[in-house]
Amino acid sequence: MPAAAPIAIADVETPLTVLAGVGPALREKLAARGLLTLQDLWLHLPRSYEDRTQLTPMSALRAGIAAQTEGRVELVERSFRGRPVLKVVLVDAGNQRLTLRFFHFRAQQVTQFAKGVRVRVFGTPRPGQLGLEIVHPSYRLLDDDEHALSQSLDPVYPEIEGFGAASIRKLIVQALQRLPSEDALELLPSAWLARLRLPSLRQAIVYLHQPPRDANVALLQSGLHPAQRRLALEELLAHQLSLRRQRLALQAEGTRALRGSEGLVSKLKNALPFKLTGAQARVYAQLREDLRQPKPMLRLVQGDVGSGKTVVAAMAALLAIADGRQAALMAPTELLAEQHLANLRAWLEPLGLRVCWLAGKVTGKARTKALDEVASGAAQLVVGTHALMQEGVAFHDLALAIIDEQHRFGVHQRLALREKGRGSIPHQLVMTATPIPRTLAMSAYADLDVSAIDELPPGRTPVTTVVLSSERRPELIDRIHVACAEGRQVYWVCTLIDESDEVQAQAAQTTFEALQDALPSVRVGLVHGRLKAADKQATMLAFKAGELDLLVATTVIEVGVDVPNASLMVIENAERLGLSQLHQLRGRVGRGSAASSCVLLYQSPLGQMARQRLDTLRQTNDGFAIAEKDLELRGPGELLGTRQTGIASFRMADLVRDADLLPQVHALADDLLQTAPVVADGIIQRWIGAAARYASA
Ligand code: ADP
Ligand code: MG
């Protein structure tokens, strides 16, 4: 097996100029579309198929069902109704008629449809004025003695800008003629393929480009055909191997172990107004163990909202500080970073430690001062946003990088932090409140060890969730009136998906004003992303201090806000948010001893699917169960925030559809990394290519 790898890798890189008709100019043009090598064409798979292996009599055509049929031209009509239209009526042997309609056509096309000419047509009929018609069919004029039908299904390729369908097809046919032999192409151990009952790579590629006439088209369209599974498996494997390689490479470089005393940690524990939960203690012990190793820690800590991740992170930071080194904590939003800053200052400053603040909005003199403290080592803990990763931020001696809410940062941002260590790679601790189903976590975070804080601090009261049509807003406002009169505090969250900060802020402003009018006796505050940090902070503090009863906010409060007395939350347009996001928002209430509730307001009418989603939230408070459901309903992109992580950018694979392959993928990766690293390299190279960061290994 290993001997096969170098051959296959070479083939992967064969440039397209080996194809007839592809010169330097065309090569450039293809390269600009991401098609550089023969392999890129082999893997440019059809998005659907057309069955031209049989003829359907016109009487058997059905609206909406693509088919091939044949007839003779009976009538040609060219008209202008606002725009030119060419209408051709065909009649077949059974004396049935079919209308073809063209809105774009050349003069030559009009003349070729002479009366009586035989035409073979493929397309999807739709009901027209006079029976069925096909708009812009693909068609061919036939001689009287022509009767042959296609022997395989016709591939329909994804469009490549600047290339017609026919030239794409021709290029691919040529590329396929250069497919290496089965053995030369194959990288996966044959024993695995036999066990999984999957075809060889060569068989799979050929099948998908040229499926035989009896192929199961429905299965192909669903993406579950063994030939497709074969490719998905190898692609998932390549990603898995690449992440694992990155991890191995990083760890092989080694770093300085943290072996200092736990004195500071004990002091913090003694000063806390609560006792750590069992889960917190267990995860802290894992971190301590990781940090004692002379290789960089790479650990993801998952914990539901409110499970108390921050204090565990603070304890890890104290281990770095005890060794005379620095720790950094990076959060995805300024507001969340500020919350962390407040907590960490309250915990660390009494121990005589310096916590420094660095965010995008820290500018001028304050920024210079902060940068100095970071560079000189005067700041033992640095808290901030991604501003921490910018150039110009030089640490004196960064030993531990803590990243909160991982799913909002990309893998690449995480990697960028490792460059901030001076002389040695910082240990990495990643924290997320989005519980990721295990198999998915193993794929998305194959480069991280995963631990879970799977227990909430005692004394939390479960949140009762109610789903309510926004038509019942007046009742709800009455209820808020009563709640505030009883001294309870309320969040009102305005959500708008995919709208700019500005539009969000505007919506929140409008709601704020409306609620102020409707509830004159209630003290209402407003926070949104457009406010100055100081104003936001002041409003948050006022709410926390009980000087405000009702806080109108955008989803900026999603993470990090901690007001135990708040016991009612209203979320507008709940039907438009992801379940995990709603769950996180809801986690802002139920932090104190009062019975808490969350009202999910929706715009009627509510679709079946949306109803099912909101019901899930009503029925469970278990973040893991919710994440599973979210994954099932919305796919991994939403769950992982993957526009950044790039995990959804698979060519063939689909993490939800192909989830059942993942255990095999993980086992296969273990096997290959141990027994055939050359093969592993070949697979990474084939699918991920030069972009793979493992290259520095
Ligand atoms: P999250 O995991 O969502 O980041 P936080 O770290 O913000 O949670 O903790 C939520 C709240 O719970 C904070 O007020 C924190 O001080 C408090 N907390 C953390 N650990 C415990 C504990 N063991 N017992 C009681 N309260 C705790
Ligand atoms: Mg948190």
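As the structure lists them, so they are numbered: ligands from 1, and atoms in each ligand from 1.
Defined by atom type and a distance below 3.5 Å, a donor-acceptor pair is missing between the side-chain atoms of W357 and E338. R576 and T495 share no side-chain donor-acceptor pair at under 3.5 Å. For H583 and N621, the side-chain atoms include no donor-acceptor pair closer than 3.5 Å. Judged by distance alone, the side chains of S567 and R488 do bring a donor and an acceptor atom under 3.5 Å apart.
Here's the thing with K309: one of its N/O atoms is less than 3.5 angstrom from an N/O atom of ligand 1. Residue G303 has no nitrogen or oxygen atom sitting less than 3.5 Å from a nitrogen or oxygen atom of ligand 1, judged on distance alone. Checking only distances, Q280 does come within under 3.5 Å of ligand 1, N or O to N or O. The shortest N or O to N or O distance between F274 and ligand 1 is not below 3.5 Å.
Salt bridge status for R256 with D397: present, with a side-chain N to carboxylate O gap under 4.0 Å. Between R247 and D449 a salt bridge is recorded (basic side-chain N to carboxylate O distance below 4.0 Å). With respect to R288 and E262, a salt bridge is recorded, a charged nitrogen being found less than 4.0 Å from a carboxylate O.
Contacts of L276 with ligand 1, taken as heavy-atom pairs under 4.0 Å, involve the backbone alone.
In summary, the atoms of ligand 1 found under 4.0 Å from a heavy atom of K275, numbered by their order in the structure, are 22 (C), 23 (N), 24 (N). Near T277, meaning under 4.0 Å from one of its heavy atoms, ligand 1 places the atoms 23 (N). Listed by number with element, the atoms of ligand 1 under 4.0 Å from a non-hydrogen atom of T310 are 4 (O), 5 (P), 6 (O), 7 (O). Within ligand 1, the atoms closer than 4.0 Å to a non-hydrogen atom of S307 are 2 (O), 8 (O), numbered from 1 in the order shown.
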